[in-house]
Amino acid sequence: MPPVDPTAPGSAADGAAALARVTASTPTIRPVPEPPIPRRPALRRATAAGPARRRGRRWRRAARAAGRHGVLVAVVLAMLFPMLWALNTSFKTPSDVYGASPLPIPPTLTNYRSTLDAFPAGTLLVNSFVMAGGVTLLHLAAGVLAGWSFVRYAHRGQRVVSALVLVALVVPPQSLIIPEFLMVSRLHWRDTFVGLIVPQLATCSLAVLLLRQHIAAIPQTLLGAATLDGATDGEVLRHVVLPLLRPALGAVAIVVFITTWNEYLWPSLVAPSPEHTTVQIGLQRYQNQEGPDYGPLLAGAMLATIPVALVYAMASRRITDAFLHSGLR
Amino acid sequence: MTSTEAGAQPALPGGRASRPAPRGHLPADPASAAPPAAPTPARASAARRAGAWRAAATPWLFQTPVLASLAVWVYGPLVFTGVLSLLDWDLLSPHPRFVGIENYRTLVEEPEFGNAVLRTGYYVLTLLPFATVVPMALAIMLWKRPGRASSLYRSLLFLPVMLAPVGYALSWRFVLDPLGGVVNETFGAVGLPQRDWLGDPTWALPAITVITAAKFVAMHMLLYGAALSGVDRRSLDAARVDGATEWEITRHLVVPQLGRTTALLAFLCAVFAGQWTFTNIVVLTEGGPDYTTDNVYYRLYEYAFTYFDVGTGAAAAMTIIAGLALVFVVANLPRRRRATG
């Protein structure tokens, strides 16, 4: 029987709790370094009766490895081929886009030049960056404060609060866009960074739950020692908890930043004008205006993708770990 | 400031006071408690009460940002959506008209929303293998032979989560282009039928499914990897010594340990299939051809921001939320039954 979560009052929140529990508990499952298992050469030799059979086995093992790599390469290609093909095509001359030669020889930057002329890619990238950065900072701030409060001051009201946070985690953001849009319009926040960033606090639940998990993992004795030394709660938070929390903050920041960078629906509603929107929406608008003029369009797609892809290439392990710890999205 | 806090604040003193009660079975009120030993000086007690009040307020102070955010951007809009769903309003006129459940009736009577629900169901079903079996197989493959090659595959296979969704969708559109796209060229060369994949009522939904599937495979492979790191490799070696084949080991030793993860990921697929297909639908098909690639979120978006029929859009939103709540309850039934019986 699964452990009963005390924070789950209703059935809906129960599901949410299960979800959050499983996803939030993944971080604790770190791959444990196992002692290397000896290959037992003696055993191998004993079962392989003769050299012929040994050769047969080796051949079979090679075939199996080849099959394995074949399957994996096929899946990777199926997933990434369109993107690679688009990257390849973006370096072709416009007349060559459907041309016979598969490779862009010689490679040209014509498409990138016409993309940069047609839509303000630089501004849009900056907008995306500011939006993602702003949302990340807000989520981290809200998450640290609330998570700290959950861990430090456990009392009755907290059960209600954590239920509220859990339920908010599972309400699909797409279903609340109508009133959010009306509120932002009424506040005259359309086409502003405030309008892009602040309403995305709606999805801060994830950061709250993850950071709460990490703060709870800090040994109580450490906090108690600081308190005994006369530190106030605020000082404990600033000088003990925050430094210990840095890796977790990094991980949560990565996840929030990338999901926000890739966000489509909200910026498309709040930031309609071409100079104030994000790169994703710019790209979609560009597609609608120009029709499928693929050369520049694909160059634009590459411009929108390359920043994140570069960061990923440099820190892929850290990023996958971060997503693993958050479990969702 | 917000309704949540206003509701929570008065409940506090009671919550605090009831706490020490079980210890000595003393009444909570210090005035009536009148201990037989030396009575506490009034000033100290007042100071202590002020301190207690501050202690009670502190946690709420820390949680104000989150509570305010959720109240303003989640729970407020939730109620607001409920209200809007009872109105007939075009976003512009100053006087929305109250129409009761008329909008819900529209949803039921007109075929579009029913179709969108049906299509969302198709998405869930067709994405289910890509959310469970495929990533599980990949994760087990990679887990069985750890090493540099596996890490590389793992990084590459996770890329679809990272890549900008609009860019990814556009690159698929280029590949699937009916005139000269690579897929059609290749199919033509080997004698398979060429199609307008995204414009063909039969093939558009499978196409969207495949494009969205990449993201599910990528994300869920990672989560299966996490579940696998809890499996003891030494048991596999023991089975190998006993002469079990690799397939038997996978089938009878590894897969059974992934049961709970699989159930969870299937559930996540049901919840996220609609949300993750949304961007692909907007960029690639706009719900067409003939509403065949529609889903509930896209329909809601169309009602509200294309037809400016806010009431019907809000009613659709409420229906979606109710549907999800139902999914939660159903997903929890087996667990509950096991707990009681």
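Here is how names work: the chains are called A, B, and so on, in the same order as the sequence lines, proteins then strands, and each is numbered from 1.
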Enquirer: What part of A/V76 gets within 4.5 angstrom of chain B, counting heavy atoms only: side chain, backbone, both, or neither?
Expert: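 Looking at A/V76, backbone and side chain both touch chain B.
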
Enquirer: Going from CD on B/Q275 to CD on A/Q174, what distance comes out if it is rounded to the nearest 0.5 angstrom?
Expert: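 Reported value, rounded in 0.5 Å steps: 4.5 Å.
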
Enquirer: At a heavy-atom separation under 4.5 Å, does B/L84 approach chain A through its side chain, its backbone, both, or neither?
Expert: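 The side chain, not the backbone.
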
Enquirer: Quick check on the 6.0 Å ring-centre criterion: do B/F305 and A/F181 meet it?
Expert: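 Yes.
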
Enquirer: At a heavy-atom separation under 4.5 Å, does B/L324 approach chain A through its side chain, its backbone, both, or neither?
Expert: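 Looking at B/L324, just its side chain touches chain A.
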
Enquirer: Could you tell me which of B/V283, B/V210, B/L156, B/L159 has the largest number of non-hydrogen atom pairs under 4.5 Å with chain A?
Expert: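 Heavy-atom pair counts peak at B/V283.
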
Enquirer: Counting only non-hydrogen atoms closer than 4.5 Å, does B/L179 touch chain A with its backbone (N, CA, C, O), its side chain (CB onward), both, or neither?
Expert: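 For B/L179, backbone heavy atoms alone lie under 4.5 Å from chain A.
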
Enquirer: Could you give me the CA-CA distance, side-chain angles and deciding distance for B/L138 and A/L72, then say whether side chain to side chain contact (heavy atoms under 4.5 Å, CB included) is met?
Expert: CA-CA 8 Å; B/L138 290 170; A/L72 287 166; 3.7 Å; yes

Enquirer: Between B/V327 and chain A, with a heavy-atom cut-off of 4.5 Å, which part of the residue counts as in contact: side chain, backbone, both or neither?
Expert: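 Interface part for B/V327: neither.
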
Enquirer: What part of A/L182 gets within 4.5 angstrom of chain B, counting heavy atoms only: side chain, backbone, both, or neither?
Expert: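 Contact with chain B is through the side chain of A/L182 alone.
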
Enquirer: So, does B/Y297 use its side chain to make a donor-acceptor pair with the main chain of A/P172 at under 3.5 Å?
Expert: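 Such a contact is absent between B/Y297 side chain and A/P172 backbone.
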
Enquirer: Angle between ring planes, B/F158 versus A/Y312, binned at 30° and 60°: parallel, tilted or perpendicular?
Expert: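 Tilted: the ring planes of B/F158 and A/Y312 meet at 30° to 60°.
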
Enquirer: Side chain to side chain contact (heavy atoms under 4.5 Å, CB included) for A/V171 and B/Y75? Distances and angles first, verdict last.
Expert: CA-CA 10 Å; A/V171 174; B/Y75 292 103; 5.8 Å; no

Enquirer: Can you tell me how far the SG atom of A/C204 sits from the CH2 atom of B/W73, to the nearest 0.5 Å?
Expert: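 The CH2 atom of B/W73 is 12.5 Å from SG of A/C204, to the nearest 0.5 Å.
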
Enquirer: If you measure from CD on A/Q158 to CD on B/Q63, what distance do you get to the nearest 0.5 Å?
Expert: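 So the CD of A/Q158 and the CD of B/Q63 are separated by 4.0 Å.
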
Enquirer: Which one of B/G76, B/P160, B/A304 has the most heavy-atom pairs closer than 4.5 Å to chain A?
Expert: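 Top option by heavy-atom pairs under 4.5 Å: B/P160.
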
Enquirer: Given a strict heavy-atom distance threshold of 4.5 Å, which part of A/V160 is in contact with chain B: side chain, backbone, both, or neither?
Expert: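 For A/V160, neither part sits under 4.5 Å from chain B.
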
Enquirer: Could you tell me which portion of A/V198 (side chain, backbone, both or neither) has an atom closer than 4.5 angstrom to a non-hydrogen atom of chain B?
Expert: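 Its backbone and side chain both get close to chain B.
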
Enquirer: Against chain A, label B/A149 side chain, backbone, both or neither, depending on which of its atoms sit under 4.5 Å from a heavy atom there.
Expert: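 B/A149 touches chain A through side-chain heavy atoms alone.
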
Enquirer: Where on A/V73 is there a heavy atom nearer than 4.5 Å to chain B: the side chain, the backbone, both, or neither?
Expert: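 Contact with chain B: backbone and side chain both.
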
Enquirer: With sequence neighbours excluded, what pairs up with B/E185 under the salt bridge (charged side-chain N to carboxylate O under 4.0 Å, His left out) test?
Expert: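 Result, salt bridge (charged side-chain N to carboxylate O under 4.0 Å, His left out) vs B/E185: none returned.
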
Enquirer: Let me know if A/L269 has heavy atoms under 4.5 Å from chain B in its side chain, its backbone, both or neither.
Expert: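 Interface part for A/L269: side chain.
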
Enquirer: At a heavy-atom separation under 4.5 Å, does A/L237 approach chain B through its side chain, its backbone, both, or neither?
Expert: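 Contact with chain B involves the side chain of A/L237 alone.
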
Enquirer: Check each atom of A/I258 against the heavy atoms of chain B and say whether the ones under 4.5 Å are side chain, backbone, both or neither.
Expert: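 For A/I258, the side chain is the part near chain B, not the backbone.
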
Enquirer: What pair of heavy atoms forms the shortest contact from B/L163 to A/M83, and how long is it?
Expert: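 Looks like CD1-CG, 3.8 Å.
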
Enquirer: Minimum heavy-atom separation for A/M79 to B/A218, with atom names?
Expert: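 Answer, listing the atom of A/M79 first, then B/A218: CE-N, 3.9 Å.
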
Enquirer: Run the side chain to side chain contact (heavy atoms under 4.5 Å, CB included) check on A/E180 and B/F80 step by step: do they pass?
Expert: CA-CA 9 Å; A/E180 287 177 353; B/F80 198 176; over 6 Å; no

Enquirer: Heavy atoms only, distances under 4.5 angstrom: which of A/A304, A/A202, A/P199 has the most pairs with chain B? Name it, please.
Expert: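 Result: the option with the highest number of such pairs is A/P199.
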
Enquirer: Given that the side chain runs from C-beta out, which part of A/L298 has a heavy atom under 4.5 Å from chain B: side chain, backbone, both or neither?
Expert: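 Side chain only.
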
Enquirer: Is A/V184 close to chain B through its backbone or its side chain, or both, or neither, when contacts mean heavy atoms under 4.5 Å?
Expert: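 Answer is side chain: those atoms of A/V184 sit under 4.5 Å from chain B.
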
Enquirer: If you compare all heavy atoms of B/V66 against all heavy atoms of A/A142, which two are closest, and at what distance to 0.1 Å?
Expert: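 Minimum heavy-atom separation between B/V66 and A/A142: CG2-O, 3.4 Å.
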
Enquirer: Would you mind checking which part of B/L70 comes under 4.5 Å of any heavy atom in chain A, side chain (CB onward), backbone (N, CA, C, O), both or neither?
Expert: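 Only the side chain of B/L70 comes within 4.5 Å of chain A.
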
Enquirer: Checking heavy atoms, do the side chain of A/H139, its backbone, both or neither come under 4.5 Å from chain B?
Expert: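 For A/H139, no heavy atom lies under 4.5 Å from chain B.
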
Enquirer: Got a second to check how far A/H69's NE2 is from B/M141's CE, nearest 0.5 Å?
Expert: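 So the gap between those two atoms works out to 10.0 Å.
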
Enquirer: Give the minimum heavy-atom separation between A/A301 and B/L170, together with the two atoms involved.
Expert: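 Nearest pair, atom of A/A301 first, then B/L170: CB-CD1, 4.5 Å.
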
Enquirer: Once salt bridge (charged side-chain N to carboxylate O under 4.0 Å, His left out) is applied, do any residues pair with A/R152, and if so which ones, sequence neighbours excluded?
Expert: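 With sequence neighbours excluded, A/R152 shows a salt bridge (charged side-chain N to carboxylate O under 4.0 Å, His left out) to A/D233, given in chain and number order.
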
Enquirer: At a heavy-atom distance under 4.5 Å, which candidate from A/G147, A/S175, A/A65 has the highest pair count against chain B?
Expert: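 Option with the greatest count: A/S175.
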
Enquirer: Report which part of B/V166 has an atom under 4.5 Å of a heavy atom belonging to chain A: side chain, backbone, both, or neither.
Expert: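 Contact with chain A involves both backbone and side-chain atoms of B/V166.
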
Enquirer: For chain A, which of B/A137, B/A213, B/A317 has the most heavy-atom pairs under 4.5 Å?
Expert: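 Among B/A137, B/A213, B/A317, the one with the most close pairs to chain A is B/A317.
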
Enquirer: Is A/S205 close to chain B through its backbone or its side chain, or both, or neither, when contacts mean heavy atoms under 4.5 Å?
Expert: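 Looking at A/S205, just its side chain touches chain B.
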
Enquirer: Side chain, backbone, both or neither: which part of A/M183 has a non-hydrogen atom closer than 4.5 Å to chain B?
Expert: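 Just its side chain gets close to chain B.
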
Enquirer: Quick check on A/A313 against chain B: is it the side chain, the backbone, both or neither that has a heavy atom closer than 4.5 Å?
Expert: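 Interface part for A/A313: neither.
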
Enquirer: Could you tell me which of B/A214, B/G274, B/A314, B/S155 has the largest number of non-hydrogen atom pairs under 4.5 Å with chain A?
Expert: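 If we count pairs closer than 4.5 Å to chain A, B/S155 comes out on top.
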
Enquirer: Checking B/I321 against chain A: side chain, backbone, both or neither under 4.5 Å from a heavy atom?
Expert: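 Just its side chain gets close to chain A.
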
Enquirer: Provide the closest heavy-atom pair for B/P65 versus A/L145 in the form atom of the first, atom of the second, distance.
Expert: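 Smallest interatomic distance, heavy atoms only, reads CG-CD1, 3.9 Å.
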
Enquirer: So which heavy atom on A/N262 is nearest to which on B/V161, and how close?
Expert: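 Smallest heavy-atom distance, with atoms named: ND2-O, 3.6 Å.
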
